[in-house]
Amino acid sequence: MRYNFLEIEKKWQHFWKINQTYKVSLSSKPKLYVLDMFPYPSGAGLHVGHPLGYIASDIYSRYKRHKGFNVLHPQGYDSFGLPAEQYAIKTGQHPKKTTSENINMYRKQLDRIGFSFDWSREIRTSDPNYYKWTQWIFTLMFNSFYCSKEKKAKSIDVLIDSFNNNGDKDYQDDLKPLGYTFSKSQWNSFDEKLKSEILMNFRLAYLTNGDVNWCEELGTVLANDEIINGVSERGGYPVTKKVVKHWCLRISKYSERLLNDLDKIEWPEPLKEMQRNWIGKSKGVSITFQVENSNRQIEVFTTRPDTIFGVSFLTIAPEYEDTSELSSSNNKSSIKKYISEVSKKTERDRLTDVKTVSGVFSGSYAIHPFNGKRIPIWISDYVIASYGTGAVMGVPAGDQRDFDFAKKFQIDIPNIFKNIDISKAAFSDKFGFTLINSDILNEMDYSTSLDLIIKEIENRGIGKSKIQYKLRDAIFSRQRYWGEPIPIYYKDGIPKNIDLDNLPLKLPEVDNFLPTKNGDSPLGNSKKWAWNENIKKVDLNENINNVDTFPLELNTMPGWAGSSWYFYRYMDPTNDKGFVSKDSQDYWSDIDVYFGGSEHATGHLLYSRFYQKFLYDFKFLNKIEYAKKLINQGMILGNSAFIYRNPLTSEYFSSDLTSEIKLDKIRIDIKYVKGENEVDLEMLQNEDKDFNESIFKTKNQKFLCVREQEKMSKSKFNVVNPDEICNQYGADTLRMYEMFLGPIEQSKPWDTRGISGVHSFLKKFWNLFFNEDGIKLSDEEPSKESLKTLHKTIKKVSEDIERLSLNTCISSFMICINELSSINCNNKHILEKLLILISPFAPHFAEELWSQIGNNKSIVNEIYPEYIEKYLVESEKTYPVSFNGKTKFTINLSLDLNKNEIQEAVLSSEKTKSFLNNSNPKKIIIVPGKIINIVI
RNA sequence: GCUCGAGUGGUGGAAUUGGUAGACACGUUGGACUUAAAAUCCAAUGAGCAGUAAUGUUCGUGCGGGUUCAAGUCCCGCCUCGAGUACCA
């Protein structure tokens, strides 16, 4: 019987669907939660790179089911956000429509690969029943603050109570830097607006007016992690700074916990490192400088207070709040000009322009707190307003940026390092120096001077130790249509949250959902977007009298709002009393293995950890981290093809032609390449409009192209569609081949030619079950040889799945089937156990043969075969015998022999004698069961 | 610049604790079957040298050094590639 994969796969996919084979519920069995990062359905469809992680997680899930676990393995769609909306805009349709179409297409493609997802738990972040809880969490954040003493989030009511009863007493440390001091009675006399303003400084979801990353092309604000190399991650559009009123999440309060708890999870080290860098903890000191002839002070942050005697200027950021106050009258216009120039720079310019030093003198001076020297205050964009205090002390001797700045503006460069030449560059090492010209610190090294100066600074009350983080609060507002509405309305300009009972606040229908260049939100186009505290959402078209309507927030949430907590919704997807029930959470607990790409390191994977900790603080969750283990699957690289063109004559050249002119590199669709690297010019000219007018160098010349491997992407014309592979070889072959390519965490090139090896393996396996008459298995006692092969494979495959080394599993299967084929094994006991072993990898294949050999139940819950050691016990070992570490020959010896007996046997062998050539060995090293090494 | 990875045949990769480097597969070459092709099966396949051959022998895991009886694996110093990040004081 032939291996008819198309028919088999269709049959079993249908079987699994109607029998709900993969549906799980709470049970007394041990649980396991295996999750993939859910996709955003983009419209381009799947290519073979997408399912790589899904296949690995599916194999792992299926294996664990065989091992007796109740496995939660769900899937859903991250269907709100920029990718979905950009696709809708591009195709001129409503995002709701395109999103559901794309989801259907994704689902069809996913189903063909035979995943064991429990689709009854499917979630979509754009579903109101889902985003109700996304809004609910936001509201909880709005009504919370971070208690610095207890290091956890608490209800904002705790803070209000304290203000009501004690004034600022309990929170002076937080209020003073903000400029607020008040007694109990003062607080109670404040109007609601002022109270709201003060509280806004504490809320974990807060409204603020400040500089944001503005992307005009996308018509929205972006978070830091959505900008790559100074342009938007989506589309690659320029980003500038703009002052906009926007919502933020106070994630920075969780910096320390986000950093420390990384040690508690088994995530890839490079990814943890990325998060650590992004959080960017540094220890330092803040020091206050008095401004000359003024009662103003400038506070700087530095990690090198030991270099304080090398200060020759201060620099403040252009956005620093008091720049105008500091500027003397004759400098005012040049300062204004400089500041406006800086604000016009795009993020990209700022990045590429790092080498250009710019700045302007403010006209004011500060007084050095130790030696009383006059220190000029400068303004420059090399200082970032949002980091530290927005002001730095310039120590040109010890910091390259300060050095460059001082050189450019001819500021003093006092040397404070003994016998170190700083004429060409600053000296920024923390070792190998002693200080000079440094008053009390003279002749001291780094650590001694550091300890002393910190003590001195604190004793004199001019500063204190401080820990600084790079992590900024997350900008939460998006001026876009396709996202969760932020459930806030404005009563007399004061933001109020919508009662939890009234969630979800559903996205309104609008005539026009396109973003605007000036940043007005599309939700403003709705006539129904207003709130009344009694009648709730108001339709402004209706004639409503005597009803106070309040404007609703026009911004929507970013894409990561819905993805920051979705893994809990799978546990209990239809619950309308809470985002997850206690029972479900107690049972499923957390994710055991989470599969996804490392590109989410500083986005989704950081935000979701923050959400986790926030919800943990309120005991809505009982773990401080949500995923014990994370696997970053690598990319599958596609083959891209390029040809070269002379930019002047538009002639095309074969790639091996050397030319003195710099040739343009033109990307062509890989389908025009035949064989290794020959371009089918006729096809290219016929099909590709761009190439019609092109002049080719010679008509009958062969055109060669250059190939490069890069990330698979539709725009690079190098995608391979999994459907095509399924049609030609079947899903089981696709699954096994993707795993066979290499370790999952590694990037690896796709080469469809290699797939035949895996496919013929399955055919070979299949053929063991059949002869000309049909199924033909023997029921006899299996041979020793076949038992050894089977148990060797059980051991190797199960160990390899446990450590997620799936490529080597495939090799073991191939070795196993090669061995069984060579002895023509058709033993039922052996083969049926092998079917269970292969079932996680090739589920359709395994189900079909399982039923053909007479089972009427699905194979998916069969118990995994036990590995029995006795079948593997060897009595002999082929020892490699090496001389001076180089293997010369092998010798078969019983494993029962001890060292002396082995030595005797080896030395008496003729071969040894010939290598020794009558000399005596200096030393003989014998590792029983491993090697024999003779030193001569 | 800084941080973190990774360099093994023509290709993808294997070698889990230092112990026969190159498993498994692709590709290539030769052969069988066939009128022919496809499919299938068999054999060879790291490089060099010697030999008709069996075989022998040297080199070989990015480069240079070291530790060890023994190094792809450990240590030191470089080179190259990839990823992340970037005026973070």
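We name chains A, B, ... by the order of the sequence lines, and we start the count at 1 in each one.
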Write down the partner of [N] under the Watson-Crick or G-U wobble criteria, each distance required to be under 3.5 Å.
N	value
B:A14	none
B:A47	B:U58
B:G77	B:C63
B:U68	none
B:U35	none
B:U3	B:A83
B:A21	none

(request) Without swapping roles, check the side chain of A:Gln400 against the backbone of A:Ala426 for a donor-acceptor pair under 3.5 Å. (result) yes

(message) Treating A:Asp306 as the side-chain partner and A:Ile453 as the backbone partner, does any N or O pair qualify as donor plus acceptor under 3.5 Å?
(response)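 A pair under 3.5 Å: no.
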
Which is true for [X] with a 4.0 Å heavy-atom rule: it touches a base, it touches only sugar-phosphate, or it touches nothing?
X	result
A:Arg803	base
A:Ser805	nothing
A:Thr878	base
A:Lys923	sugar-phosphate
A:Arg472	base

Say you pick atom [atom1] in [N] and the same atom in [M]; how far apart are they, in whole Å?
N	M	atom1	answer
B:G13	B:U61	C1'	13 Å
B:C87	B:C81	C1'	27 Å
B:G5	B:C69	C1'	34 Å
B:G62	B:U57	P	26 Å
B:C79	B:A23	C1'	30 Å
B:C78	B:A89	P	25 Å
B:C63	B:G7	P	13 Å
B:A50	B:A43	P	29 Å

Give a yes/no answer on whether the side chain of [X] brings an N or O atom under 4.0 Å of OP1 or OP2 in [N].
X	N	value
A:Tyr387	B:A89	yes
A:Gln746	B:G13	yes
A:Asn818	B:A25	yes
A:Lys888	B:U58	yes
A:Thr808	B:C24	no
A:Asn807	B:A14	yes

(message) Between A:Lys748 and A:Glu738, does any NZ, NE, NH1 or NH2 come within less than 4.0 Å of an OD or OE carboxylate oxygen?
(response) no

(request) Hey, could you give me the CG/CD distance between A:Leu630 and A:Glu266, rounded to the nearest 0.5 Å? (result)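 Here the rounded value is 10.0 Å.
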
(message) Looking at A:Lys886 and B:U20, is any side-chain donor or acceptor paired with a base atom of the opposite kind under 3.5 Å?
(response) no

(message) Please pick, from B:G19, B:G13, B:G84, the nucleotide with the shortest atom-to-atom distance to any side-chain atom of A:Lys748.
(response) B:G13

(request) Looking only at side-chain atoms of A:Ile925, point me to the closest of B:C69, B:A86, B:C24. (result)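 Ranking B:C69, B:A86, B:C24 by closest atom to the A:Ile925 side chain puts B:C69 first.
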
(request) For A:Tyr879 and for A:Ser747, locate the closest nucleotide of RNA chain B by heavy-atom distance; then report the residue assigned to the nucleotide nearer the 5' terminus. (result) A:Ser747

(message) Judged by each residue's nearest nucleotide on RNA chain B, which is more toward the 5′ side, A:Pro743 or A:Asp225?
(response)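 Closest to the 5' end, via its nearest nucleotide, is A:Pro743.
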
(request) Rounded to the nearest angstrom, tell me the gap between atom NZ in A:Lys922 and atom C1' in B:A70. (result) 15 Å

(message) Can a side-chain donor-acceptor contact be found between A:Asp402 and A:Tyr382 if the only test is distance below 3.5 angstrom?
(response)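 A pair is found: one side chain offers a donor N or O, the other an acceptor, under 3.5 Å apart.
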
(message) Quick check on the 6.0 Å ring-centre criterion: do A:Tyr607 and A:Trp560 meet it?
(response) yes

(message) Tell me if the aromatic rings of A:Trp278 and A:Tyr469 count as close, with their centers under 6.0 Å from one another.
(response)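 Between A:Trp278 and A:Tyr469, the centre distance exceeds or equals 6.0 Å.
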
